[in-house]
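One structure below.
Any value given below was found using the heavy atoms of this structure, including those in side chains, with hydrogens, waters and symmetry copies removed. Note that the structure is predicted; figures quoted are calculated from it, not measured. Quick note on labels: first sequence line is chain A, next is B, and so on, each numbered from 1.
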Amino acid sequence: MSAILPKLSDGSLSQMLADQRVDRPVLQILVYKQMTQSEPIKYRFQMTDGTEVCSNFIVILPELIQRISRGEFEKFTVVELTAYTLNINKQMERQIIIVSDMSVVMSGSKIGRRLDKSESNGPLLTNVSLNTNANRIEANVSVVTTTPSSMASRAANQQNVCPISAITPYFNAWRIKARVTSKSNKRHWSNAKGEGSVFSFDCMDDSTEIRVNAFTKECEKFYDMIETNKVYYITKGTVKTANKKFSNLVNDYEITLNSDSLVEECSEMEVMEVPKMRYRFVQIKDLPAVGLQSCVDLIAIVKSVEECNAFTSKKTNKELKKRDIILVDNTSYEVRFTLWNEGAEQFDCEPNRVIAVKNALVGDFNGRTLSAFDCEPNRVIAVKNALVGDFNGRTLSAVSNTTFQLDPDIPETNILKEWYEREGNSVTTNSLSKSGSEGNRDTEWKFLSQINEQTVGNDNRTYFNVRARVVQTGRQPLYKACGQNGCLKKVRDNNNGFYHCDKCQTDSSQFEWRLILSVAISDCTGEGWVTIFQEQAEKILGISAKELSELQENNPQEFLKALTVAEFKQYVFRIGSKIEHYMDESRVKSVAFNFTPVDAIKHSKQLIKNINEWTN
DNA sequence: CCCCCCCC
């Protein structure tokens with residue numbers, strides 16, 4: 001092998017395990033495997049620094065797991081650990097290294113064997129001193145605990161901060177640095193077990209989000225201190241399985257503060273790197289595929305704002321206030337979004353602004369609607385965590401942790417504004433919030449094994465909702481189409497610079513790249529192939545047919561990467577199936593008409609019910 | 001150890 005082999009950071013493992021911070025150690029992967037079948041998926045890696053071997057590298061972050069699925073970290077690959085955290089697992093009495101980011105230095109197939117010490121980089125400190133980026137300086141200073149300075153204490157603060165996604169009930173040495181995205185009111189409760197007060201807040205870092213609860217003593221201690229949008233270090237607390245009844249965040253766990261808990265506000269300097277807000281936007285058009293009572297985030301134009309009305313609930317006799325606003329996005333679909341009580345009174349936004357909503361509740365009154373409860377309206381335009389409901393269609397509601405942002409500083413805002421100015425303000429929109437049964441709510445949920453000649457109609461398409469994982473994508477999705485007068489027929493290359501269309505009977509030097517993508521999808525009962533056409537194919541791959549064709553011609557590696565972005569992700573697909581008869585057999589053929597990524601749907605009671613029915 | 005996610 002003539003290639004220059006990468007140098008491993010010899011000695012780094014013993015330092016790392018002794019809790020001495022090593023910045024960006026270069027290690028070789030010897031083997032890895034998936035730890036459990038259950039969610040969340042975790043991987044355990046065995047790595048070497050040339051001398052020592054450690055089998056306790058754990059990968060939890062979805063982004064990294066996706067890269068594992070794509071084969072990026074094959075055997076013998078040399079990687080640089082760009083972010084890791086050492087944790088002492090008390091139950092198992094051993095150290096675990098949580099890897100939250102790593103990059104490939106050289107692929108395993110190029111190296112082809114285990115590297116040993118003679119090929120490593122010699123004493124580690126030499127390696128460290130070669131580099132002078134900010135992280136490295138911090139890493140070095142943090143070891144010098146005998147000479148405290150502001151630098152040193154800041155470095156000490158940063159030390160052992162782990163991503164929220166690494167928090168599980170199985171170790172308690174975590175320390176997170178997180179932004180508070182919403183804070184509840186203080187509530188009093190009394191029942192058979194006693195009485196007390198409680199409040200909760202949602203925290204976010206660049207890995208994920210988590211709900212934090214504080215009861216009675218901790219409620220009094222921390223309620224005034226916690227402020228929305230501020231960043232805190234939090235350490236010590238009881239980690240338990242999240243109660244989905246009270247939380248709509250995408251996290252299996254939540255934290256309850258206890259008497260050992262420490263909460264410390266971050267200095268100005270330190271808050272910068274914690275993201276302001278994380279969204280998983282769903283398009284309005286796709287709301288029908290979203291389960292009722294789910295929560296979604298979306299970004300939209302505020303088309304109109306109705307009056308705030310007060311009325312008395314017939315069910316509870318409670319005095320309620322509500323305000324409806326109409327949201328529209330560049331799918332040309334609109335939905336009604338209902339704000340409640342203070343949120344309804346205080347909402348102050350002229351039409352035609354862009355709104356991003358986090359955590360809206362999806363319902364179905366006269367189509368799909370969104371609603372919000374007692375939310376503090378910021379001057380914002382993105383909705384996070386809207387709840388999907390089901391009164392006569394689909395609606396969106398805001399719940400207590402729903403937030404919005406007006407004209408958020410993200411690329412989607414400009415895309416929407418441009419669309420609205422160009423055509424959106426004049427286009428006829430399809431409302432998901434009107435009477436009738438449009439949308440997918442009447443579409444039956446099926447497992448893949450249930451889609452067969454008994455369930456599929458003979459002549460027309462039968463529509464189903466399925467939740468499935470993409471396990472493979474076809475490698476030849478592009479074709480040259482005629483493109484004249486809306487003709488999308490495949491053309492034949494005359495090999496003289498002209499392309500012949502059988503349908504139009506023309507030869508033209510022009511053609512249009514189009515997509516017919518085949519994907520193999522799988523659920524817990526079976527698998528099958530579905531066809532995805534142009535617009536939906538561009539959407540699932542996140543690239544236009546034209547851009548993809550350029551990659552195909554100029555960059556085979558990037559082409560393959562672009563083709564496989566959807567692999568191993570889960571979606572809810574709305575598919576149409578029909579039986580096609582051939583000479584000696586008949587086959588069920590399916591087309592995916594739209595889809596929603598499952599991680600954008602959060603928890604859906606409909607899906608959970610469906611799965612429970614199947615498994616019981 | 002706690003909240004109902006409300007209305008048409």
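- Applying the side-chain contact (heavy atoms from CB on, under 4.5 Å) criterion to A:V274, with sequence neighbours excluded, gives A:K177, A:R179, A:V231.
- A sub-4.0 Å separation between OP1 or OP2 of B:dC2 and a side-chain N or O of A:N191 is present.
- A search for side-chain hydrogen bond (donor to acceptor under 3.5 Å, both in side chains) contacts involving A:T216 returns nothing, not counting sequence neighbours.
- Note: CG (A:N401) to P (B:dC4) measures 15 Å, nearest angstrom.
- Checked by distance alone, A:K322 brings a side-chain donor or acceptor within 3.5 Å of a matching partner on the base of B:dC7.
- Residues satisfying the side-chain contact (heavy atoms from CB on, under 4.5 Å) criterion with A:N309, sequence neighbours excluded, are A:E307.
- Rounded to whole Å, the distance from NZ on A:K240 to C1' on B:dC1 is 7 Å.
- In this structure, A:K183 forms a cation-pi arrangement with A:Y223, its terminal cationic atom sitting closer than 6.0 Å to the ring centre and no more than 45° off the ring axis.
- Rounded to whole Å, the distance from CZ on A:F246 to P on B:dC3 is 7 Å.
- Rounded to an integer number of Å, the gap from A:W340 CH2 to B:dC7 P is 6 Å.
- We find that CG of A:N185 is positioned 14 Å from C1' of B:dC5, with the value rounded to whole Å.
- Shown here are the side-chain contact (heavy atoms from CB on, under 4.5 Å) partners of A:E423, two or more places apart in sequence or in another chain: A:W419.
- Atom CZ of A:R323 and atom P of B:dC5 are 24 Å apart (whole Å).
- Side-chain proximity of A:K193 to the nucleotides B:dC3, B:dC8, B:dC1 is greatest for B:dC1.
- Rounded to an integer number of Å, the gap from A:N213 CG to B:dC2 P is 10 Å.
- For A:R211 against B:dC2, no side-chain N or O and base N or O form a donor-acceptor pair under 3.5 Å.
- Evaluation of the salt bridge (charged side-chain N to carboxylate O under 4.0 Å, His left out) rule for A:K240 yields no partner, not counting sequence neighbours.
- For the segment residues 217-227 of chain A, the set of residues with a heavy atom within less than 4.0 Å of an atom of DNA chain B is empty.
- A cation-pi contact, defined as under 6.0 Å to the ring centre and within 45° of the axis, is absent between A:K186 and A:F199.
- Between the CZ atom of A:F215 and the C1' atom of B:dC2 there is a distance of 5 Å, rounded to whole Å.
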